[in-house]
Structures are given as C-alpha cells and as structure tokens.
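Structure first, commentary second.
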Amino acid sequence: MSERRFSILTTTEAEERLQRKLHELERLERVQSLTAQVYSLLTQLNTEIGKIQLGTESVAKLTTNWIQVVRAVSLAANSMLIYNDDDFKDGVPTTERLVRCALDELGTIVKDLRE
C-alpha cells in the first residue's frame with residue numbers, strides 16, 4: 001500500500017495558496033465574461049449577415065428583372081433594322097409588339113398561371 005504524505009502548511013503558505021487560487025478564479029471569471037461577450041457579438045453578426053443575405057437576394061432578383069427589360073427593349077430596337085428607306089416615306093414604322101408572358105425557372109412559357 002502506498003503511504004500518503006501530507007505536508008503541513010503554515011498559515012502564511014495557506015494564505016498565499018488561497019490568494020493564488022482566488023486570483024486564478026478571477027481570471028477564469030473574466031474569461032467566462034469575455035466568452036459571453038464574444039458569443040453575444042457573434043449572434044448579432046449572424047443576424048446581420050442574414051439581413052445582408054436577404055438584401056443580396058433582392059438585388060439579384062431586381063437585376064434579373066432589369067436584364068429581362070433590357071432584352072425586351074433590345075428585341076424591339078432590333079425589329080426596326082428590318083425596315084429600309086422606302087418604309088419611312090409613309091411615316092415612321094412602329095416596332096414589333098412585345099407580349100408579356102410568364103416564364104418558369106427554365107425560361108419556358110407558363111401556359112396556366114394557376115399551376
């Protein structure tokens with residue numbers, strides 16, 4: 001059997017040891033406080049990133065819509081290229097009429113909007 005040896009601490013040594021442990025406890029409490037602050041800040045950051053992501057999706061959708069508008073205007077302008085000088089004698093010819101159609105994700109025309 002192993003014998004345990006206990007050293008007897010003097011009052012001064014015990015007080016010094018207690019002070020070291022209290023100082024260590026203070027540091028650990030400070031670390032815990034800082035960790036809670038970091039957690040709070042990261043939670044706020046996560047919320048803000050979520051808002052930015054929603055905003056980015058809105059900008060992407062708006063940009064897609066404007067690209068479709070520019071394509072439609074381009075198609076209308078290109079239809080004017082088929083006219084020659086004789087066509088302008090009776091007045092200015094109009095562009096082809098544009099028809100608005102609902103499209104699905106693949107760009108095909110949706111026949112029934114209820115689907």
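Heavy-atom contacts from other residues, nucleotides or ligands closer than 6.0 Å to CG of Leu62 number more than 12. Residue-environment remark: CD (Gln32) stays at or below the threshold of 12 foreign heavy atoms within 6.0 Å.
Atom CZ of Arg71 is separated from atom CD1 of Ile67 by 6.0 Å, given to the nearest 0.5 angstrom. Once rounded to the nearest 0.5 Å, the distance linking CG of Leu41 with CD of Glu48 reads 11.5 Å. Going from atom CG of Leu18 over to atom OG1 of Thr11 covers 12.0 Å, rounded to the nearest 0.5 Å. Within the model, atoms NZ of Lys61 and OG1 of Thr63 stand 12.5 Å from one another, a figure rounded to the nearest 0.5 Å.
Ile52 and Leu45 sit in two unconnected hydrophobic clusters of ILVMFWY residues. Membership requires side-chain heavy atoms under 4.5 Å apart, directly or through other members. Placement of Leu54 and Val59 in two distinct hydrophobic clusters is found when ILVMFWY residues are connected by side-chain heavy-atom separations under 4.5 Å, directly or transitively.
Under the 4.5 Å side-chain criterion, counting only non-hydrogen atoms from C-beta, Tyr39 is not in contact with Thr35. The closest side-chain heavy-atom distance from Val69 to Asn65 is not below 4.5 Å.
Of the candidates Glu15, Glu13, Arg20, Arg20 is the only one forming a side-chain contact (heavy atoms from CB on, under 4.5 Å) with Arg17.
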